[in-house]
Structure formats: C-alpha cells, structure tokens
Number of protein chains: 2
Amino acid sequence: MSRNRQPAPEPTHGWLDGAQQRAWLAYIRVQLRMAYEMNRQLLADSGMSLPDFDVLTALGVADGGRMSITVLAAQIGWERSRVSHHVRRMSTRGLVSCGPSTTDKRVTEVTLTAGGRHALEQAAPGHVDLVRNLFFDGLPPELTGPLTEALETVYANIIRRGLLPPPVDWRPARD
Amino acid sequence: MSRNRQPAPEPTHGWLDGAQQRAWLAYIRVQLRMAYEMNRQLLADSGMSLPDFDVLTALGVADGGRMSITVLAAQIGWERSRVSHHVRRMSTRGLVSCGPSTTDKRVTEVTLTAGGRHALEQAAPGHVDLVRNLFFDGLPPELTGPLTEALETVYANIIRRGLLPPPVDWRPARD
DNA sequence: GGCGATTACGTGACATGTCACCTAAGCTAG
DNA sequence: CTAGCTTAGGTGACATGTCACGTAATCGCC
C-alpha cells in the first residue's frame with residue numbers, strides 16, 4: 001500500500017510539553033463553560049447578554065460614563081466593528097447612547113444612559129454571585145495570588161504581541 | 001431634590017474582595033483577547049474558525065474519531081444545539097460527517113472525515129505556535145503548576161455546580 | 001495650502017450561538 | 001402491554017461577531 005503522504009507539519013518551537021498541555025486544557029475548559037454560564041445567568045436573571053454586561057461595565061467605570069468606540073474596544077479587548085455593531089444594538093434598547101464627539105468629527109462617543117446604569121446596578125450582584133459560586137468557591141484561596149500573577153503576566157504578553165491595541169491607560173511594565 | 005430610589009441590590013455573599021477582583025479582571029481580560037487571537041490566526045492561516053478547531057480536536061482524540069452530539073457537547077462544554085448547528089455547517093465543508101447511530105435511533109454520530117483530520121493536522125502546529133507565543137511565553141514557568149491546579153479545581157467546581165452536563169469520562173474527585 | 005497617509009468607524013454579507021419548541025425514540029412503572 | 005416520563009437532537013427566529021470595504025476627518029510633510 002503506497003503512502004505518499006507528506007508528514008504532518010509541526011510547530012516551529014515544538015509541541016507543548018506535558019505540563020503546558022495540562023495547563024492549557026484546564027484553561028480552555030474553564031473559559032468555555034464560564035462564558036456559557038455567565039451569559040445564561042445574565043439572560044435569565046437580568047435580560048441582558050454577557051456582551052451587554054461587558055460594555056456596561058467598561059462604561060460604568062469611565063469618566064462621565066463615556067468612551068469612544070476605539071477606546072471601548074481596546075478596553076474590553078474587542079474588535080472595533082464588534083463594538084460598533086453591538087452598541088448600535090444596545091442603543092436601540094436604551095442602554096447606551098451614541099453621538100459624535102465635540103473635539104473630533106470622526107469619533108463616536110458611547111455614553112451610558114441612566115437606564116443602562118440602572119440595568120448594570122441590577123445585574124451586577126447576580127453576576128458576582130455566579131462568579132463567586134462557580135469560580136471562586138472552587139478556587140483554593142492560597143492559589144488566588146499565583147493565578148492572578150500568572151494571568152497578569154500572560155495578559156501583558158498578549159498586549160505586547162497580539163493584534164488588538166492596548167487599553168488607553170495601559171502602562172507597559174519594564175521588560 | 002427628592003430621591004425615592006431603591007438602593008441598588010447587593011450580592012448575596014457580598015462583593016468580591018480586592019484580591020478576587022484583581023484575579024477576575026486578569027482572567028476576563030486574558031480570555032477575551034486570547035479567543036479573538038486564536039480565532040483570527042486559525043481563519044487567516046488555516047481557513048477554519050476556532051469553533052471548527054474545537055470540534056476537530058475533540059473528535060481527533062475520540063475512539064474512531066466519532067462521538068454523539070450530546071457527548072461532543074459535554075466534552076467541549078457547549079450546548080447541544082450549538083453542536084447540532086455547527087456540525088451541520090462543518091459537514092457541508094467536508095470536515096465531519098453525521099449519521100444515525102446503529103444502537104439508538106435517536107442518536108446522531110459525528111465522525112471526523114479524512115479531510116477533517118487532515119485539516120486538523122495542518123492547523124494544529126500554527127495554533128500551538130500562537131498559544132505558545134501569546135500565552136506560555138508570557139507565563140513564568142514556575143507559575144504553570146499553580147495556574148493548572150487553580151484552573152483544574154475551578155473546572156471541577158463548574159462541573160459540579162454549572163448547568164452543562166459533565167464530560168462522559170468525568171470522574172468526580174473526592175470532596 | 002495641498003496632498004498623501006493615517007485614523008475613526010459604519011456597513012453588509014455571512015459565520016456563529018441561544019432559547020424555546022418540536023418530534024421521535026427509549027425507558028420504566030403499573 | 002401501555003402510558004407517562006425522559007432523552008436525543010433538529011429547527012427557526014433572532015442575537016452576536018468577523019472581515020473586507022467604504023467614506024469622511026485629521027495629521028504632518030513639503
């Protein structure tokens with residue numbers, strides 16, 4: 001039986017070692033299920049999606065509850081057109097309002113409405129309860145610090161090497 | 001000025017403390033950007049989406065490259081209808097094939113095609129390179145273990161308390 | 001001032017994901 | 001054996017996200 005098959009390509013720097021594979025598998029599994037559970041709880045209890053909540057949260061801590069599309073995208077970690085589409089949808093539901101900036105005619109500013117702020121205030125406790133229940137109740141307290149440090153350094157690396165722009169208030173750590 | 005406002009509700013068990021908030025923020029930020037970067041690299045380099053890759057990966061390690069919809073959903077951490085929709089789409093692209101089980105007429109089995117396996121083999125190295133570049137190159141090696149342990153215990157908790165069923169090969173750890 | 005390059009973001013076609021509902025098959029108790 | 005309950009998953013309406021492209025505004029150099 002003739003097998004004129006090219007060998008399968010390999011990663012430039014080799015496959016992940018056993019410990020890395022295990023870490024990666026745990027990470028992938030957690031994020032898939034957490035995303036589903038968070039979205040589901042918000043839809044069921046607050047009538048909003050997780051993406052809604054992410055936008056409201058980012059605006060909720062912004063100066064004047066206002067941000068431009070680009071700033072919002074970088075803050076959350078979204079692509080700009082994703083923001084554009086989504087805030088349009090949110091504005092039809094009265095959660096945010098959109099309007100041109102007074103200082104730059106290209107810029108669109110997204111502003112949290114009173115209704116949006118109220119929706120956020122109503123949604124946040126249930127969301128936090130779920131996060132505590134599913135994530136932190138399963139996390140040994142002594143691992144919170146190492147987990148944080150691990151993810152923060154990973155995040156810094158993603159900012160450095162990834163394709164999306166950094167948040168505007170990002171200060172690169174010394175390398 | 002009259003303020004007849006109900007006080008904003010609070011979480012049943014209180015807000016997250018400072019260390020938890022910091023951990024959570026790091027986690028949320030990492031997963032949003034990692035998902036985007038992974039999807040983008042797969043689309044650009046391999047012509048497939050991250051969800052495609054997740055399905056192919058799960059089938060790639062299954063007995064005979066075959067799983068039922070329900071098993072696949074639980075393995076990945078997806079809702080069943082998500083699997084149903086997505087494998088239908090993948091099958092039109094020749095990556096998987098779907099057919100009734102011989103043992104239970106209700107069951108649909110999803111099978112990795114030769115084309116699907118080939119696509120997976122072609123895509124995996126680039127994906128691993130990206131994961132290494134963005135995630136592991138930013139992770140201090142001595143934190144791999146604690147990160148893994150943290151996420152594995154969180155995952156076990158999500159399985160226990162979340163709404164999606166566990167993977168079929170899930171063995172509950174002693175509590 | 002003018003021009004070219006860059007920036008901001010809206011748009012549309014299409015890919016993807018959720019919920020509620022439905023039909024069919026399988027299981028179990030009476 | 002039958003009926004009621006549970007399981008499996010397909011379906012559709014609609015929500016969400018990506019990429020490529022387009023227009024308009026701004027910036028900086030000559």
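All chains are named by letter (A, B, ...) in the order of the sequence lines, taking the proteins before the strands, and each is independently numbered beginning at 1. These numbers were taken from a predicted model, which means no experiment stands behind them.
Using a cut-off of 4.0 Å between Lys/Arg side-chain N and Asp/Glu carboxylate O, Arg161(B) and Asp137(A) are scored as salt-bridged.
For dG26(C), the base has no donor-acceptor partner in the side chain of Arg106(B) [N/O atoms by modelled type, under 3.5 angstrom]. For a distance-only test at 3.5 Å, the side chain of Ser68(A) fails to qualify as a donor-acceptor partner of the base of dC9(C). Within 3.5 Å, no donor on the side chain of Arg82(B) pairs with an acceptor on the base of dT18(C), nor the reverse. If you check distances only, the side chain of His85(A) does reach the base of dG12(C) with a donor-acceptor pair under 3.5 Å.
Under 3.5 Å, the side chains of Asn133(A) and His13(B) contain no donor-acceptor pair of N or O atoms. In summary, the side chains of His85(B) and Arg88(B) do not present any donor paired with an acceptor at a separation below 3.5 Å, with no hydrogens or angles considered.
The residue Ser84(B) sits close to a base: some heavy atom pair falls under 4.0 Å. Note on Ser81(B): a base of the nucleic acid sits closer than 4.0 angstrom, heavy atoms only.
Checking Val83(B) against Tyr36(B), the closest nucleotide of DNA chain D that is more toward the 5' end is the one next to Val83(B). Along DNA chain C, the nucleotide closest to Arg40(A) and the one closest to Val107(A) are compared, and the more 5′ of them pairs with Val107(A). Positionally, the nearest nucleotide of DNA chain C for Thr70(A) lies more toward the 5' end than for the other of Leu43(A) and Thr70(A).
Note on Arg93(A): a side-chain N or O is less than 4.0 Å away from OP1 or OP2 of dT16(D).
Enclosure of atom CZ in Arg22(A) is not indicated, since only 12 or fewer non-hydrogen atoms of other residues, nucleotides or ligands lie within 6.0 angstrom.
For Ile69(A), taking side-chain heavy atoms from C-beta onward, the closest of the listed nucleotides dG10(D), dG26(C), dG10(C) is dG10(C).
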